[in-house]
Amino acid sequence: MTDSPINDTRKAELLSTQVEHIDITSFDARPIVDAMKKMSFTSRDLGRATDIYNQMLADRDCSIFLVIAGSTSAGGCMDLYAELVRNNMVDGIVATGASIVDMDFFEGLGHKHYQALEVPDDDTLRSLYIDRIYDTYIDEEQLQDCDFTINKIANELEPRAYSSREFIRAMGKYLVEHGKKENSLVKLAYEHDVPIFCPAFVDSSAGFGLVKHQVDQAKAGKPYLMIDAVADFRELTEIKIQAGTTGLLMIGGGVPKNFIQDTVVCAEILGHEDVQVHKYAVQITVADVRDGACSSSTLQEAASWGKVNTGIEQMVFAEAGSVMPLLASDAYHRGLWKDRPVRKWGAIFG
């Protein structure tokens, strides 16, 4: 029997401490958020952002979109986002493929993220099949299991075009039947008919699994499924048209941020000239505003494009993992979500 080329003892040492996801129900952040409102700088910005999120929850006509870019799910916010879905605190999600597939679906299969208690040479990590996100580790062999599970789901579906929302719904169904974690965002979104859109879906483990699916099917002379990014835009715009009043809770920026904001313009292009701009908007980001990128562009700037209301918006320049637990815990304990209508936007597509 040939020995594994991987030093399993060293690998086990490095993957010995799991990331523990924060539980926003276990502590009440209202006192500290109230105190921060009386401060200055980022503290006061966070206080106002939390007020705006609570306004969204209190507005019975408002559909709330959670927008996620970056690695906060891997870093400890995964259960936080799941709690927002479980308690009807968001009505739709737009995210990167990495957040949904490589992080949440990955843990839904029973895998974990690990704290990097030391950061050895990255070539050493590569030799051990350990991937690094700043100070967080992922077992590459477990991530490949995620790739192949996506491939398995694709092989069992009818070979046709799917929006990312539709395929992610199939992933949620898979976790209901085979998953090993109750607190999965993908699983809970499936159960609550909260649609998840990933406009760059294949920029993730999904991409590897779907490429293998297409190559294998083509070699066998069989039809294969594909992801229809135009359908993503059409479906999300349809939700915006039907929703009317909308609010955005954005972590990071990039493609997900632009995608949800563009639904206003797309609705106008389709002839809905009475479509409302997003009434409420909060963005938490560390991006620098000086480079002209979407991730760093202010919400005031988005108003020039006819996407966001300038009156009820707040930028918070902070690392989201350090402030989202405060914002979400505050909103959870104020309880305004308890009287919100359940919208089930994922059900409108059949």
Side-chain angles (χ1 to χ4, degrees), residues 19-39 42-68 70 72-95 99 103-104 107-108 181-196 245-252 279-284 312-314 316 318-345:
V19 169
E20 295 185 12
H21 298 288
I22 196 161
D23 177 7
I24 61 170
T25 71
S26 67
F27 64 96
D28 186 348
R30 287 177 293 178
I32 190 170
V33 171
D34 285 339
M36 293 171 81
K37 293 175 188 176
K38 301 172 184 177
M39 297 170 67
T42 301
S43 296
R44 189 161 59 194
D45 290 343
L46 176 63
R48 186 162 189 271
T50 303
D51 279 346
I52 291 173
Y53 181 46
N54 280 309
Q55 287 180 56
M56 297 185 210
L57 293 169
D59 186 341
R60 294 179 61 82
D61 295 327
C62 179
S63 291
I64 302 172
F65 290 94
L66 174 66
V67 183
I68 312 171
T72 50
S73 293
C77 289
M78 199 173 293
D79 289 356
L80 181 162
Y81 298 137
E83 207 65 53
L84 298 184
V85 171
R86 176 181 286 110
N87 293 298
N88 192 35
M89 298 171 75
V90 295
D91 305 295
I93 299 166
V94 183
S99 295
M103 299 175 195
D104 185 88
E107 287 211 2
K181 179 182 178 182
E182 287 300 314
N183 227 21
S184 161
L185 183 67
V186 172
K187 174 179 177 290
L188 287 166
Y190 170 80
E191 293 174 330
H192 291 262
D193 278 322
V194 172
I196 300 177
T245 303
T246 48
L248 308 179
L249 177 58
M250 297 187 286
I251 294 88
K279 182 177 180 179
Y280 309 93
V282 167
Q283 184 184 0
I284 302 170
I312 316 175
E313 56 81 20
Q314 182 63 52
V316 181
E319 192 279 304
S322 64
V323 296
M324 267 302 293
L326 298 175
L327 181 148
S329 173
D330 176 281
Y332 173 82
H333 285 92
R334 291 192 196 275
L336 295 169
W337 50 271
K338 295 177 181 178
D339 297 322
R340 294 189 75 235
V342 176
R343 288 177 170 81
K344 293 184 178 291
W345 286 120

Query - Test item: D91 and M56 side chains (from C-beta on) under 4.5 Å apart, heavy atoms - result: no
Query raised in the report: Does H192 use its side chain to pair, donor to acceptor, with the backbone of N87 at less than 3.5 Å?
Result: no
Query raised in the report: Going by heavy atoms in the side chains, are M324 and L249 under 4.5 Å from each other?
Result: yes
Query - Minimal non-hydrogen separation, L336 against A58, with atom names - result: CD1-CB, 4.2 Å
Query raised in the report: Going through the checks in order, is the side-chain contact (heavy atoms from CB on, under 4.5 Å) test met by I64 and M89?
Result: CA-CA 7 Å; I64 302 172; M89 298 171 75; over 6 Å; no
Report task. Output the distance between atom CZ (R334) and atom OH (Y53), rounded to the nearest 0.5 Å. Result -> 13.0 Å
Query raised in the report: Closest approach of M103 and S73, non-hydrogen atoms and distance?
Result: SD-CB, 3.8 Å
Query raised in the report: Got a sec: does the CD of E319 have more than 12 other heavy atoms crowding it under 6.0 Å?
Result: yes
Report task. Supply the atom-to-atom distance C62 SG to R343 CZ, rounded to the nearest 0.5 angstrom. Result -> 7.0 Å
Requested in this report: Work out which heavy atom in T72 is nearest to a heavy atom in A320; give both atom names and the distance.
Outcome: CG2-CB, 3.7 Å
Report task. Would you please say whether a donor-acceptor pair under 3.5 Å links the side chains of Y280 and D59? Result -> yes
**Report entry** Nearest-0.5 Å distance, CG of residue L46 to CE of residue M36
**Finding:** 4.5 Å
Report task. Answer yes or no: does atom CD1 of I32 have more than 12 heavy-atom neighbours from other residues, nucleotides or ligands under 6.0 Å? Result -> no
**Report entry** Salt-bridge present (R48, D51; N to O < 4.0 Å)
**Finding:** no
Query raised in the report: If every non-hydrogen atom of N88 is compared with every non-hydrogen atom of R340, which pair is closest and at what distance?
Result: O-NH1, 2.7 Å
Query raised in the report: Given L326 and T50, is the side-chain contact (heavy atoms from CB on, under 4.5 Å) satisfied, shown in steps?
Result: CA-CA 9 Å; L326 298 175; T50 303; over 6 Å; no
Query raised in the report: How many angstroms lie between atom CD1 of I284 and atom CD of Q314, to the nearest 0.5 angstrom?
Result: 10.0 Å
**Report entry** I22 side chain reached by D79 side chain, heavy atoms, under 4.5 Å
**Finding:** no
Query raised in the report: How close do W337 and Y332 get, heavy atom to heavy atom, and via which atoms?
Result: NE1-O, 2.8 Å
Requested in this report: Kindly write out the residues that satisfy side chain to side chain donor-acceptor pair (under 3.5 Å) with R86, not counting sequence neighbours, or none if the list is empty.
Outcome: E83, N183
Query raised in the report: So do the side chains of L327 and V33 get within less than 4.5 Å of each other, counting heavy atoms only?
Result: no
Report summary line: So CD1 of I93 and CZ of F65: to nearest 0.5 Å the spacing works out to 10.5 Å
Query raised in the report: If every non-hydrogen atom of D104 is compared with every non-hydrogen atom of S184, which pair is closest and at what distance?
Result: OD2-OG, 2.8 Å
Report task. Determine, step by step, whether D330 and N54 satisfy the side-chain contact (heavy atoms from CB on, under 4.5 Å) criterion, reporting the C-alpha distance in whole Å, the side-chain angles of both residues, the deciding distance to 0.1 Å, and the verdict. Result -> CA-CA 9 Å; D330 176 281; N54 280 309; 2.9 Å; yes
Report summary line: Value for NZ (K279) from CD1 (I312), rounded to nearest 0.5 Å, stands at 5.5 Å
Requested in this report: Check the pair Y81, I251 against side-chain contact (heavy atoms from CB on, under 4.5 Å), reporting the backbone distance first and the verdict last.
Outcome: CA-CA 11 Å; Y81 298 137; I251 294 88; 3.8 Å; yes
